[in-house]
Every structure is written in C-alpha cells, then in structure tokens.
2 protein chains.
Amino acid sequence: MVRMTARPLVTAPAGAAPGRMLAHPAPADIRLTDVLHALSDPVRLTVVRALAGARTELTCSDVPLPVTKSTTTHHYRVLREAGVITQIYRGTSKMNALRRDDLDRLFPGLLDSVLAAADAQARRMGER
Amino acid sequence: MVRMTARPLVTAPAGAAPGRMLAHPAPADIRLTDVLHALSDPVRLTVVRALAGARTELTCSDVPLPVTKSTTTHHYRVLREAGVITQIYRGTSKMNALRRDDLDRLFPGLLDSVLAAADAQARRMGER
DNA sequence: GGCGTAGTTTGACAGATACCGTACTACGGC
DNA sequence: GCCGTAGTACGGTATCTGTCAAACTACGCC
C-alpha cells in the first residue's frame with residue numbers, strides 16, 4: 001500500500017512571484033464528492049471535455065465558454081481546487097490540463113465514464 | 001435509434017390518493033449534470049451506496065443517515081428528481097430503489113464507476 | 001514605456017442548498 | 001378510535017453558488 005503524498009502541490013513558472021503560484025490539492029486530499037460536484041456544472045463539464053480531447057494543455061481562453069472572463073476564472077478555480085485539473089502560468093496565460101493520472105489512480109474509470117456519459121448526453125441533446 | 005418515452009413517470013400504490021403519487025423524470029429528461037450533482041453530496045452518496053448494496057428496495061429509514069428525518073426527505077427527493085432512484089409508497093413507508101437500468105442505458109458504466117470510486121474513497125478514509 | 005491581452009480580485013446579486021425544528025398527514029396494528 | 005411510526009410541508013437560517021461588472025495585475029510585443 002503506497003502512501004500518497006499529503007502535501008499540497010504548487011505549480012509556478014521558474015522564478016515566479018507569489019502571485020504566480022497555484023496551489024493544488026495533494027492526491028490524498030482529493031475527495032470524490034468534490035470531484036463530482038466540480039463535474040456537475042455544465043460549464044465546467046465543457047472545460048473538462050475540451051481538456052480531455054486536446055493533445056496538449058489549453059489556456060483558459062482556448063475553450064470558448066458562454067460566460068464572462070471572471071466567471072471563467074471562477075470555474076477553472078473550482079476544477080483546480082477539486083483536484084480535477086492542474087494549472088500553471090505561462091506568460092500572460094495559464095495552461096490547464098486534466099489530472100488524469102491522479103484521478104485514474106484514485107478513482108479508476110470514473111473520469112472516462114463521466115466523459116463518455118457527457119458524450120452520450122450531448123449526442124442525445126443534439127438530436128432532439 | 002429508439003426514442004425514449006418523454007412522459008414523466010409516476011409511481012403510486014393501487015388506488016392511491018394524489019398525495020401518494022410520486023413523479024419521476026422520464027429517462028429522456030435525466031440530465032448528467034443533475035445526476036452528478038445528486039451524487040456529489042456525502043449523505044446522498046451514502047444512500048445510493050446502500051441501495052446499490054441491497055438485494056431489495058429499502059425504506060428511507062433503512063439507511064441510517066447523520067441528519068434529521070426532514071433533511072432525509074429532502075435528500076431522497078433530490079435523488080428522485082435527478083432520476084437516480086425510484087420511490088413508491090408502501091403503507092407508511094416509502095420504498096426506494098436505484099434506477100440502474102435507466103442510468104446504465106443512458107450513461108453506461110457511470111453508476112458503477114461512481115460506486116467503485118466511493119468504495120475506494122471510503123477505504124482510503126477508513127485507513128487514514 | 002505604451003498598448004493589448006490573459007486572467008484576477010472584489011463586490012454585488014439572486015437563487016439554490018443543506019440543515020433544522022415544528023406541526024402535520026397517512027398508515028397499520030391493536 | 002387510539003397510538004406509534006414513517007415520512008412531509010413549511011418556515012427559517014446560514015451558507016453556498018453561478019454570474020456579472022468594474023477595476024485591476026501581469027505579461028509580451030513593439
């Protein structure tokens with residue numbers, strides 16, 4: 001049984017100022033209910049689906065969302081704090097990526113089943 | 001492509017009064033975000049896990065919860081309205097069951113992966 | 001340095017939510 | 001009919017949540 005690190009993760013570019021550091025929950029602190037809640041919002045589900053389909057990290061503005069920039073900031077923050085994504089500043093942008101490895105290790109199959117469910121839902125909505 | 005029924009489902013014992021009828025969303029009206037939200041609450045997740053583990057329907061009070069009866073009523077209602085469970089009155093009680101068939105048809109694998117994730121989380125919390 | 005852009009902070013708002021307590025309804029058994 | 005129990009409606013509370021607007025910070029480019 002491997003004990004997972006319990007220290008919060010911080011991402012920051014080299015030589016970054018404090019305002020450019022982003023705290024993330026350690027894997028051991030990621031809670032299923034927080035993850036499910038983060039994924040239960042339509043806007044955030046759109047973000048996660050986009051990240052899942054991308055070959056690389058995406059900036060916040062790479063994903064068109066039907067809300068303002070400040071609300072976008074809020075949503076990405078929820079995802080980060082729930083442990084669903086990592087974020088790191090790069091220049092004026094912020095790169096986002098799914099914490100696939102962590103999520104798959106903690107909750108095997110969950111992320112993929114949610115993504116598949118979202119695809120199914122979108123298909124159903126699209127054809128109605 | 002089979003079009004699913006769009007009419008809300010109503011459960012009621014034979015010859016029941018209106019107050020004993022319970023409306024449920026039709027399968028086509030079940031939304032992934034509503035399901036995920038319903039499952040994202042610790043109390044409701046406890047209910048769902050108990051229902052999943054039971055061989056038969058359970059009454060509301062069969063599942064010990066750390067909240068009052070009125071809050072219990074609220075939680076079961078959220079689950080029903082999200083399409084996660086069915087409820088039907090039987091005498092003074094209300095029988096609850098997971099809508100496994102509907103959920104598996106709409107979102108294949110989702111319920112099982114959430115249940116497995118909840119098991120994993122509980123194991124982790126139990127051993128910490 | 002100025003400018004434009006990505007993203008943030010702050011405050012506000014309206015609505016939702018989990019929770020409780022109280023009084024109530026409906027039922028089943030005696 | 002009475003009693004006990006399962007569950008509900010209602011009102012209230014405190015908190016949360018998604019959203020916006022406005023002002024702001026940080027960066028990269030010229």
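Residue numbers start from 1 in every chain, and the chains themselves are labelled A, B, ... in the order their sequence lines are given, proteins ahead of strands. Only a predicted model underlies this, so the values are computations on that prediction, with no experimental measurement involved.
- Between B/His74 and C/dC20, a side-chain N or O to OP1/OP2 separation shorter than 4.0 Å is absent.
- Applying the side chain to side chain donor-acceptor pair (under 3.5 Å) rule to B/Thr71 yields the partners B/Thr68; only residues at least two apart in sequence or on another chain are considered.
- In this structure, A/Val78 shares a hydrophobic cluster with no other residue, the cluster being traced through Ile, Leu, Val, Met, Phe, Trp and Tyr side chains under 4.5 angstrom apart.
- The nearest whole Å value for the distance from the OH atom in B/Tyr76 to the C1' atom in C/dC19 is 17 Å.
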Between the protein and nucleotides 20-27 of chain D, list every N/O to N/O distance that falls short of 3.5 Å.
| residue | atom | partner | partner atom | Å |
| --- | --- | --- | --- | --- |
| D/dC20 | OP2 | A/Thr68 | N | 3.0 |
| D/dC20 | OP2 | A/Thr68 | OG1 | 3.4 |
| D/dC20 | OP2 | A/Thr71 | OG1 | 3.2 |
| D/dA21 | N6 | A/Ser70 | OG | 2.9 |

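- Counting only residues at least two apart or in different chains, salt bridge (Lys or Arg N to Asp or Glu O under 4.0 Å) contacts with residues 40-51 of chain A comprise A/Arg49-A/Asp119.
- Applying the side chain to side chain donor-acceptor pair (under 3.5 Å) test to A/Arg20 and every residue at least two apart in sequence or in another chain returns nothing.
- Nucleic acid contact class of A/Tyr89 (heavy atoms, under 4.0 Å, all strands): sugar-phosphate only.
- A sub-4.0 Å separation between OP1 or OP2 of C/dG7 and a side-chain N or O of A/Arg77 is absent.
- The nearest whole Å value for the distance from the CD1 atom in A/Ile85 to the C1' atom in C/dG7 is 13 Å.
- Between B/Asp112 and B/Leu115, some side-chain heavy-atom pair lies under the 4.5 Å cut-off.
- Using a 4.5 Å heavy-atom threshold, the side chains of B/Leu79 and B/Val48 count as touching.
- Taking atom CG of residue B/Leu65 and atom P of nucleotide C/dA18, one finds them 14 Å apart after rounding to whole Å.
- Atoms CD1 (B/Ile88) and C1' (C/dC27) sit 15 Å apart, rounded to a whole Å.
- Closest approach to the B/Thr73 side chain among D/dT19, D/dG7, C/dT9 is made by D/dG7 (side chain taken as heavy atoms from C-beta onward).
- Screening residues 60-83 of chain A for salt bridge (Lys or Arg N to Asp or Glu O under 4.0 Å) gives A/Arg77-A/Glu81 as the qualifying pairs, with residues at least two apart or on separate chains.
- Within residues 45-61 of chain B, the residues approached by DNA chain D to less than 4.0 Å at the level of any non-hydrogen atom are B/Thr59, B/Cys60, B/Ser61, in residue-number order.
- Under the side chain to side chain donor-acceptor pair (under 3.5 Å) criterion, A/Asp104 pairs with no residue, sequence neighbours left out.
- In this structure A/Ser40 satisfies the side chain to side chain donor-acceptor pair (under 3.5 Å) test with no other residue, sequence neighbours excluded.
- Taking atom CG of residue A/Leu39 and atom P of nucleotide D/dG18, one finds them 12 Å apart after rounding to whole Å.
- Not one side-chain nitrogen or oxygen of B/His37 sits closer than 4.0 Å to the OP1 or OP2 atom of D/dT17.
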